[in-house]
Structure formats: C-alpha cells, structure tokens
Undergrad: 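Quick one: this structure, given as structure tokens, is what I'll be asking you about.
All values derive from a computational prediction rather than experimental measurement. Indexing begins at 1, ligand by ligand and atom by atom, following the structure's order.
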Amino acid sequence: MLRAKHIGKNYSSSLSPVLSPEHKPSLLESQAIGTVATAQANFMRVIVQDVANSVTSDDDNDSSKTGVELLCVVRAVLKKIRRRVLVGDKVLVGSIDWVDRRGMIENVFHRRSEILDPPVANVDHLLVLFSLDQPKLEPFTLTRFLVEAESTRIPLTLALNKTELISEEELETWKIRLRGWNYEPLFCSVGTKDGLDDIAFVLRDQTSVIVGPSGVGKSSLINVLRSNHGGGVVEDENWFEPMLGNKWFDDQRVGEVSSRSGRGKHTTRNVSLLPVSEGGYLADTPGFNQPSLLKVTKHSLAHCFPEIRNMIESEKCGFRDCLHIGEPGCVVKGDWERYPYYLQLLDEIRIREEFQLRTFGTKREDDVRYKVGDMGVKHAEPRLMPKKHRRESRKKTKQTMISELDEFEDEDSDLYIENDPIVQAIENENKRQ
Ligand SMILES: Nc1nc2c(ncn2[C@@H]2O[C@H](COP(=O)(O)OP(=O)(O)OP(=O)(O)O)[C@@H](O)[C@H]2O)c(=O)[nH]1
Ligand SMILES: [Zn+2]
C-alpha cells in the first residue's frame, strides 16, 4: 500500500502535452476543469471546479455548475499515448453536455504527488486510522503503518477511533505514550460521534487518503463525515444510477467485525474520492494488515521515525550513512520506546535488500515485481522491461508518435472493458447519439 511514486517522470508527449498546474486555459462553454472522483474501466466521474466565465455575469449559472458531477470518457489520444488518468487528477473536460452531464477528459494537469496503492493523484494528506479496541491497538502494527505512511513524505495525521470502548485512564496512557513517539493523535468515536469535528477540521480543503487495518472504522468514518456534513454534490449523486446500477455509489460498505479475529470482514475495493464537508476529499483504502514497506530502504527508515528525525535535527549525527544502531558517537541513543521496533524493521529491510541484491543484482524495488502466489506467499521476480524500451532500438525519433500509437494497438489492457455489461450499455448509447 501507499507506495509513493517519483513524479520526476515526464508524462508529456508530442501528442498532448501535460498542462502545468498554474496553467489557466481559457474555457469554452462546453469545457470545464475538475477533479476525477471515481474511475471504473475507462469511465470517470469528474467533479467540476471551474467553468467558462459566462458572458452574462449576472446569472448564477456558473456557480451552479461547480460541484456538478460529469460522467466522462477519456479522449482516445490520451489512451493511445498511455497517459493514465487517476482518481485525484485535475483534468480539462471538453465536449460537455450540461443537460446529460457527460463530457470527455481532454487533458490532465501535472500531478503534485501520486501514490500507487491505491492509485491516487495529488494526495495532500494521509489520515492513519486505528481503533483503540476491536481490533486492539497494537503498537508494532501501528508502527508499520506509520512507517509506511511516513515513507511517502506526505503529511499525516494519526487518529484513534472507538474511544468509547476503553476507559479514561487507558486513553490517557495512550495519549502520553504516543506523545513519546512524537505524535499528537486525534481521538474519536464514530459510534458516539465524539471528536469528529476535529477530524473534519484536519481534512478540510485537501485531498486525504485514509489508511489503517481492517475493521478500525475507516468506511464508517467516511460515511458519517459525508452524511453529517453533506457536501453539496452528495444530494444529487443518484442521477445516473439507473444507467450504472449502484456499484459506483454504494455507501462504503461497513463490515461487521468478525468475532474470532476482531477484524472487519469486508475489504473496500474501488478507490473513490468522496467530498467531505469543508471542501476536501477523502479516499478509503482496502484494509491492509501488513504494509509491505517495499519502498523503505535501510537508510530511509530512520526518516520514518519522528523520534530519530528530532534527534538528528537537534544534533547532527557524526557519521555519513549512519544506520543509528549504537555506533559510538552516533547521536541516536537507544533510550526511546520504539527503538526495538526500529531495529526489527531495519533487520527486515536489510534481509530483503540482501535477497534482492543476491537474486537480481539490484536493490531497487522498481526492478523487482512481487507476485502473490499460493497461500498469499510473495515471490519476487525481475520486472520485464516495458515494451517501450525493448522497442527503442527500432524506433526513430521522428516516429515517436506513430510508435506510441502502435504500442496502443497491441495493448490488451482494455480487454476486460469489453466484457463489462454496464460499460457496453453506455458505449452503445454513446454510439446511438
Ligand atoms: N464500538 C464502535 N464500533 C465502531 C466504531 N466505528 C466503527 N465501528 C464498527 O467497526 C466495524 C468495522 O467498521 P468499518 O467501517 O467496516 O471498518 P474499515 O476500517 O472500513 O474495515 P475494512 O473495510 O475491512 O478495512 C463495524 O462494525 C463498525 O460499525 C466506533 O466508534 N465504536
Ligand atoms: Zn547515527
């Protein structure tokens, strides 16, 4: 989960250059700028943010268009050049039919950030949610999640749910303990509605992804933030339900906690951004119980512990590339609660890196693909070079455009779309128009 991707990559293509974030295209009546809230196959739901300045500025047409949701397809050329449009992307929509609320995504703005699992663009903030009980708050599991979240370098807030299940004293103990970890968690109970305003406050005006193990109340929290503070678009979100069925817009399904494992039974599947009260968006992730930490290296691990960050900040560690494992002269001493966790994770990462080095001659996670086989066991295998690079030698610079189109021809990624009855129905309808 939560693998942050380096954004340095140039998405641009001669066919359709990426729009810079500052770029303010002058919009036609049939165009708008919006945020992709859901994606299913090649259909996307886009929430409108900006529309053309109306010639008659006295009508309130424009403001009534912001917040409108458009069902969009992605312009063929973007697919041909394999420009993936992600949930969270800021996009330029054209060919808008404001009555039927349809449109076509014509271009994508440059991403500020991108996480891979779930794939969401422009994430500003992570909400790490755990419950104090049912399932019980487990310090090492919490540490794994925090490390994974910290490794994205996206700002995070820790929130602890189900406060009503534990005593005041236990709560106070956790507060003090987590302060020792350099976190100031928010406490809440979706059940009793305690502390929800504080959570809504940290989520305001930004795109947050909510992460945490199964059963802690992620979906419940999202539901309550939506219904209580109902964002403007929520009330008319049923407008294309007859066409698509309920599957995009089901409330996040809330699972029961299995009495045996104390864990939630359901796993949330499709990622979507849900508008919350004060103007932000919130995305749920499937309940992982074991973040993989695949992007964390031996040397980056220390930066994922705020305790170490603080120690290094106040007093520079004398050693370059120090792993802070008790070398004489190292400023990181062992007198803090999570030091054993740090050592344990360091060991885990060291073993993984050595295995990768031995097996594939590389430490880079990007070069290794993990396949989950029988019984959920992960197997590592070298990642095949993408077609693009294998073909590079045959490709002349001048032919870039043609080759990009070629590659699309033998792409089979759209295969499953043809089998989707809902998608088929919409496509037929589009043809008829
Ligand atoms: N007692 C109590 N139960 C809660 C609270 N919040 C949520 N629950 C319950 O916890 C269970 C799991 O909630 P979900 O919202 O499905 O949890 P989740 O984190 O989305 O789980 P996954 O989708 O599996 O990742 C449900 O039975 C909720 O009703 C709370 O504040 N107090
Ligand atoms: Zn050191």
Undergrad: Which of the numbered atoms in ligand 1 are below 4.0 angstrom from a heavy atom of Ser220?
TA: 7 (C), 13 (O), 14 (P), 15 (O), 28 (C)
Undergrad: Which pairs, with at least one residue in residues 121-130 and sequence neighbours excluded, count as a salt bridge (Lys or Arg N to Asp or Glu O under 4.0 Å)?
TA: Arg112-Asp124
Undergrad: Side chain, backbone, both or neither: which applies to Asn161 and ligand 1 if a contact is any heavy-atom pair less than 4.0 Å apart?
TA: side chain
Undergrad: Around the Zn ion (ligand 2), list the protein N/O/S atoms within a radius below 2.8 Å, excluding water molecules.
TA: Cys317 SG, Cys322 SG, His324 ND1, Cys330 SG
Undergrad: What verdict does the salt bridge (Lys or Arg N to Asp or Glu O under 4.0 Å) test give for Arg111 and Glu114, after you've listed the backbone C-alpha separation in whole Å, the side-chain angles of each residue and the deciding distance to 0.1 Å?
TA: CA-CA 7 Å; Arg111 288 175 192 145; Glu114 177 183 327; 3.0 Å; yes
Undergrad: Which atoms form the tightest heavy-atom contact between Glu164 and Ser189, and what is the distance?
TA: OE1-OG, 2.8 Å
Undergrad: Given the rule in the salt bridge (Lys or Arg N to Asp or Glu O under 4.0 Å) test, do Glu106 and Arg75 qualify, once you have shown the distances and angles that lead to the verdict?
TA: CA-CA 6 Å; Glu106 293 184 339; Arg75 190 176 151 209; 6.0 Å; no
Undergrad: Report yes if Gln134 has an N/O atom closer than 3.5 Å to an N/O atom of ligand 1; otherwise report no.
TA: no
Undergrad: For Asp50, which residues count as a salt bridge (charged side-chain N to carboxylate O under 4.0 Å, His left out) partner, sequence neighbours excluded?
TA: none
Undergrad: For Asn182 and Arg309, test the side chains for any donor-to-acceptor distance below 3.5 angstrom and give the result as yes or no.
TA: no
Undergrad: Counting each atom of ligand 1 from 1 as listed, which ones have a heavy atom of Ser189 under 4.0 Å away?
TA: 31 (O)
Undergrad: Heavy-atom distances under 4.0 Å decide this one: backbone, side chain, both or neither, for Leu165 against ligand 1?
TA: side chain
Undergrad: Check the pair Arg101, Glu69 against salt bridge (Lys or Arg N to Asp or Glu O under 4.0 Å), reporting the backbone distance first and the verdict last.
TA: CA-CA 7 Å; Arg101 299 189 190 178; Glu69 301 183 16; over 6 Å; no
Undergrad: Short N/O distance, under 3.5 Å, between Gly212 and ligand 1?
TA: no
Undergrad: Quick one: ring-ring contact (aromatic ring centres under 6.0 Å, His included) partners of Tyr183, sequence neighbours excluded?
TA: none
Undergrad: Hydrogens and angles aside, do Glu307 and Trp181 bring a side-chain donor and acceptor to less than 3.5 Å of each other?
TA: no
Undergrad: Any nitrogen or oxygen of Lys218, main chain or side chain, under 3.5 Å from a nitrogen or oxygen of ligand 1?
TA: yes
